[in-house]
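Worksheet: the structure to be examined is printed underneath.
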Amino acid sequence: MKRFFIPGLTVKAPRCSGTLMGIVAALAISLGGITAHAANPKDASLSKEDLACLECHAKPNLEKTLANGEKLSLVIAAKGFAQSVHASGGCEGCHSEIDLATHSKEPKQIASKRANSLERMETCRDCHKKTVTQYEDSVHSALVRSGSEKAPLCADCHNPHATLSAKERPAGNAQPVVCQKCHQGIATAFAESVHGRSGDEALECKDCHQTHGIKAASLGQNMKGQCVSCHKETVTSHAVWLPNTERHLEAISCPACHSPGTTRRVNLRLYEGAAARQSSEKVGVPQFVKLTNWADATGAGLDGRALWSLLQEFNRGNGEGKTVLRGRLEVQTGVQAHQLGEKALAVKACDTCHKEGAASFQSVSVTMAGPDGRPLRHDASLGVLNSIESVGSVGGFYAIGSTRIKLLDVLLLMALGAGILLPLAHLSVKLMSERKRARDAAADSAESGKNPS
Ligand code: HEC
Ligand code: HEC
Ligand code: HEC
Ligand code: HEC
Ligand code: HEC
Ligand code: HEC
Ligand code: HEC
Ligand code: HEC
Ligand code: HEC
């Protein structure tokens, strides 16, 4: 069944649950003389008008063949409707266009189920303006506008004829279940993660992504902001052992250290330098694909030279300021992003990254945000991190020893010498100061006073 909660109540519907079938059968039998189907005394009883509609629409088998050959069920479960939050407004609340005098005599042309849902979704706006506005600002809605047949519409997550209030919703309607329909792999990974395992305390998808205003996950620092909104001590707790904490937390996505066994990649993101905002492609102007294919003529992946030409191209006639690349170390798949484990399993060893040929730096891609915010990717060759041509463009991102840019490694050592608590730094600073001491005893005390201890 395509819709989530809407029971496909045609006789042929293969996955109809037994209970629903039972309700319908009972209804079909009782419809003859009964006025309201209030099995439960607190159910709202249906109005005369609604019952008139249900006279035909609660009958089993009523369906319509659409222009594309799909069969659209026209059966509404009266009991489910009577119990729903929408019973108070009646059928009229959403189907006010229907005139019983002509209805069913002038069949309406409907292209497909999807087209129908898309058109009917407009009625939600009458009463849920705020929610509709949030939805319209989401990646799902952007996908719908760009023609996706798969991104969810209101009716994919809510059955308008059986919407229960939050209090009455059974556990099976919990959020991850709704999202799971389309994001199965992620939902499974999440359920087993440190956030998904904690029973009643378990997080829901919306705690990080929202429900209606969902944004592309890898855009900017959105997700990090969500993490830190709950884990407020993140910067101070990491600073205890991780030097240059802010810089690390900016250049490494949280799951890249917190998802055990994950594989990582370097994502070089195009940024508008002046605005410090991720560059994004305008609707209908596919410049990223065009330009990267042009720069990477052999298709072997962008190397330093190609990357340099690409940036030149992006900066050509760009009055707003320079386009730059900002590196981020992240996990390779959406599933990995949700496998967060306990803190004891997190990556702490510096040489996971700061080592020649570190595995974390063996996959590199260049990305730009697409019109819906999701990344457009092009592979880069490994050499891009090492190449002298790209030093300028990827200068904000390197890791000691993992690249061959010796100049940068020297700068890094100097940075370490300047006051970072690290055994290596201690050692080199000690050596330096010992030599210094030998040369200039007078300066000795002042020098060690500045050293970290
Ligand atoms: C006499 C039986 C009958 C009654 C009463 C009736 N309908 Fe229908 N309805 C039909 C039939 C038959 C169709 C399919 C017509 C077609 O092929 O397009 C239909 C189609 C529909 C459709 C889908 C196509 C469209 O026109 O949008 C909706 C929605 C609908 N009815 C709602 C209602 C509502 C709301 C009421 C009460 C105000 C109502 N119906 C009363 C028989 C009925
Ligand atoms: C809260 C708004 C709302 C109310 C109230 C409502 N409907 Fe609907 N109805 C919809 C939407 C939205 C769809 C399309 C669902 C989809 O996308 O599959 C729909 C679909 C239908 C259809 C199937 C044909 C079609 O166009 O998809 C029928 C028949 C129908 N409604 C009849 C009724 C009847 C009868 C009532 C009253 C008992 C009623 N509706 C009350 C919003 C509503
Ligand atoms: C005629 C007004 C009206 C229309 C149109 C309408 N609704 Fe509602 N809806 C209500 C009312 C009233 C409530 C109950 C009060 C509330 O929660 O705002 C409600 C509640 C809801 C809830 C919340 C249930 C809960 O408490 O968690 C959902 C979900 C919902 N509507 C979905 C939809 C969808 C989807 C559409 C479009 C197909 C739609 N509604 C169209 C009036 C409407
Ligand atoms: C991807 C699934 C999904 C889509 C698409 C979706 N909703 Fe929801 N909606 C939910 C869930 C789940 C809840 C339950 C509350 C929660 O957990 O945030 C909800 C809650 C609501 C509520 C209750 C109040 C609130 O905002 O929490 C309303 C009203 C509502 N939705 C209307 C709509 C309308 C109208 C649309 C289409 C514009 C829509 N929803 C699209 C999943 C969805
Ligand atoms: C603890 C916060 C958190 C929760 C809860 C969470 N996510 Fe995510 N989600 C993330 C992060 C972090 C990313 C990766 C962002 C990035 O690339 O930096 C992500 C990425 C995604 C993506 C994009 C994957 C891709 O291919 O890039 C989807 C889809 C997604 N999440 C769906 C879900 C669903 C469905 C749930 C509920 C089952 C969920 N998320 C729960 C944090 C969360
Ligand atoms: C009817 C199917 C459907 C449902 C239900 C659905 N999604 Fe999606 N979602 C999609 C599709 C299709 C995409 C675009 C392809 C992709 O990235 O997987 C998408 C994209 C996303 C993205 C952006 C991916 C990125 O690359 O950044 C996030 C985040 C997301 N969904 C979260 C959720 C959450 C949270 C829920 C539940 C509230 C949910 N989705 C429910 C179909 C769905
Ligand atoms: C360089 C790897 C690395 C990065 C990046 C990283 N963490 Fe951690 N994190 C760790 C390690 C290792 C621990 C365990 C420290 C300990 O127990 O001594 C930890 C501990 C934690 C804890 C447990 C409680 C605490 O504060 O000690 C939380 C929560 C946490 N991190 C959240 C985050 C968030 C949120 C982000 C992204 C903003 C993040 N981490 C980025 C490695 C990292
Ligand atoms: C809605 C609040 C919330 C958000 C958002 C959130 N977390 Fe958590 N997180 C928790 C709770 C609650 C726990 C379990 C209790 C605890 O141990 O602190 C937890 C546990 C953790 C742990 C295990 C800590 C330990 O002591 O072993 C890590 C690591 C972690 N979260 C990282 C993240 C990351 C990374 C993000 C963003 C992608 C994130 N969290 C987003 C609430 C949140
Ligand atoms: C998960 C990978 C990872 C781990 C683990 C890691 N780093 Fe880094 N580190 C990076 C990356 C990536 C950068 C580059 C940041 C930038 O310049 O954008 C960096 C940069 C640095 C810098 C230079 C900052 C600057 O001024 O540019 C120092 C110093 C450093 N790391 C020390 C350490 C130490 C000490 C540890 C262990 C306690 C450690 N790092 C653990 C990835 C890591």
Side-chain angles (χ1 to χ4, degrees), residues 5 84-96 117 120-132 135 153-161 163-169 173 194-195 211-212 221 223-258 262 264 266 326-330 340 342-355 358 360-361 385 394-403 408-409 411-418 420-425:
F5 299 131
S84 84
V85 285
H86 289 132
S88 57
C91 312
E92 163 87 17
C94 297
H95 294 289
S96 57
S117 299
R120 293 232 173 268
M121 196 165 90
E122 272 306 307
T123 61
C124 311
R125 199 187 299 273
D126 295 345
C127 306
H128 302 293
K129 209 159 170 232
K130 202 174 119 209
T131 311
V132 173
Y135 170 80
L153 308 172
C154 313
D156 285 304
C157 300
H158 302 291
N159 177 349
H161 304 117
T163 313
L164 295 175
S165 74
K167 277 192 277 27
E168 289 169 85
R169 233 178 279 140
N173 283 6
V194 70
H195 292 127
T211 300
H212 298 107
Q221 299 280 354
M223 282 300 133
K224 181 185 155 195
Q226 294 300 312
C227 310
V228 174
S229 72
C230 287
H231 298 290
K232 294 195 165 59
E233 308 294 311
T234 300
V235 175
T236 43
S237 75
H238 289 72
V240 172
W241 58 275
L242 186 64
N244 281 30
T245 319
E246 299 267 11
R247 192 71 201 102
H248 274 111
L249 294 183
E250 205 181 315
I252 308 171
S253 83
C254 316
C257 283
H258 281 286
T262 194
R264 304 177 188 87
V266 174
R326 287 210 192 169
R328 189 174 77 139
L329 190 65
E330 57 189 31
L340 304 177
E342 286 81 27
K343 64 178 175 185
L345 301 172
V347 170
K348 202 168 191 176
C350 313
D351 69 358
T352 311
C353 304
H354 297 290
K355 172 178 77 183
S360 303
F361 294 83
L385 296 177
V394 301
F397 188 80
Y398 67 93
I400 185 169
S402 71
T403 72
L408 294 184
D409 285 357
L411 290 175
L412 174 62
L413 277 176
M414 283 168 60
L416 289 172
I420 286 161
L421 287 166
L422 174 78
L424 181 66

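As the structure lists them, so they are numbered: ligands from 1, and atoms in each ligand from 1.
The atoms of ligand 3 that sit less than 4.0 Å from any heavy atom of L164 are 24 (C), 25 (C). Residue-ligand proximity, V85 to ligand 3, at heavy-atom distances under 4.0 Å covers atoms 14 (C), 19 (C), 20 (C), 21 (C). In the vicinity of V347, heavy-atom distances shorter than 4.0 Å reach the ligand 7 atoms 2 (C), 12 (C), 42 (C). Listed by number with element, the atoms of ligand 3 under 4.0 Å from a non-hydrogen atom of C94 are 4 (C), 5 (C). The ligand atoms of ligand 7 that sit less than 4.0 angstrom from a heavy atom of S237 are 25 (C), 26 (O), 27 (O). Taking every non-hydrogen atom of C227 and a distance limit under 4.0 Å, the qualifying atoms of ligand 7 come out as 35 (C). Applying the 4.0 Å criterion to heavy atoms of I252 picks out, from ligand 7, the atoms 5 (C).
Nearest protein heavy-atom neighbour of atom 5 (C) of ligand 3: T123 O, 3.2 Å. The nearest protein atom to atom 28 (C) of ligand 3, hydrogens excluded, is given as T163 CG2, 3.4 Å; this is a heavy-atom distance. Closest to atom 26 (O) of ligand 3, if we only count protein heavy atoms, is A166 N, 3.3 Å. Taking atom 39 (C) of ligand 3 as the reference point, the nearest protein heavy-atom neighbour is H128 CD2, 3.4 Å.
Not a single N/O/S atom of C124, whether from backbone or side chain, sits less than 2.8 Å from atom 8 (Fe) of ligand 3. For a distance bound of 2.8 Å, the N, O or S atoms of H158 include none lying that close to atom 8 (Fe) of ligand 3.
Below 3.5 Å of separation, one finds an N or O of N244 facing an N or O of ligand 9. Taking distance alone, with nitrogen or oxygen atoms compared against 3.5 Å, H354 approaches ligand 9 more closely than that limit. No N or O atom of S165 sits closer than 3.5 Å to an N or O atom of ligand 3. The shortest N or O to N or O distance between K348 and ligand 9 is not under 3.5 Å.
With S229, C350, C257 as candidates, the residue nearest to atom 1 (C) of ligand 7 on a non-hydrogen basis is C257. Nearest-residue assignment for atom 29 (C) of ligand 7 (options Q226, H231, E250, K232; heavy-atom criterion): H231. When the options H248, H238, R326 are ranked by their closest heavy atom to atom 9 (N) of ligand 9, first place goes to H248. When S96, C127, C154 are ranked by how near their heavy atoms come to atom 4 (C) of ligand 3, first place goes to C127. Scanning R120, E92, H86, K130 for the heavy atom closest to atom 8 (Fe) of ligand 3 points to H86.
Proximity of K224 to ligand 7 is established by a heavy-atom distance of less than 4.0 Å. By the 4.0 Å heavy-atom criterion, P243 is counted among the residues contacting ligand 9. In this structure, S88 has no heavy atom closer than 4.0 Å to ligand 3. Within the structure, the closest approach of G89 to ligand 3 does not fall below 4.0 Å when heavy atoms are considered. Ligand 7 lies nowhere less than 4.0 angstrom from a heavy atom belonging to E233. Residue contact check for ligand 3: T131 places no non-hydrogen atom closer than 4.0 Å to it.
For atom 17 (O) of ligand 3, the protein comes within 4.0 Å by no heavy atom at all.
Counting heavy atoms of neighbouring residues, nucleotides and ligands inside a 6.0 Å radius, atom CD of E246 does not exceed 12 of them.
Residues T234 and C227 have side chains not in contact (no heavy-atom distance under 4.5 Å, counting atoms from C-beta outward).
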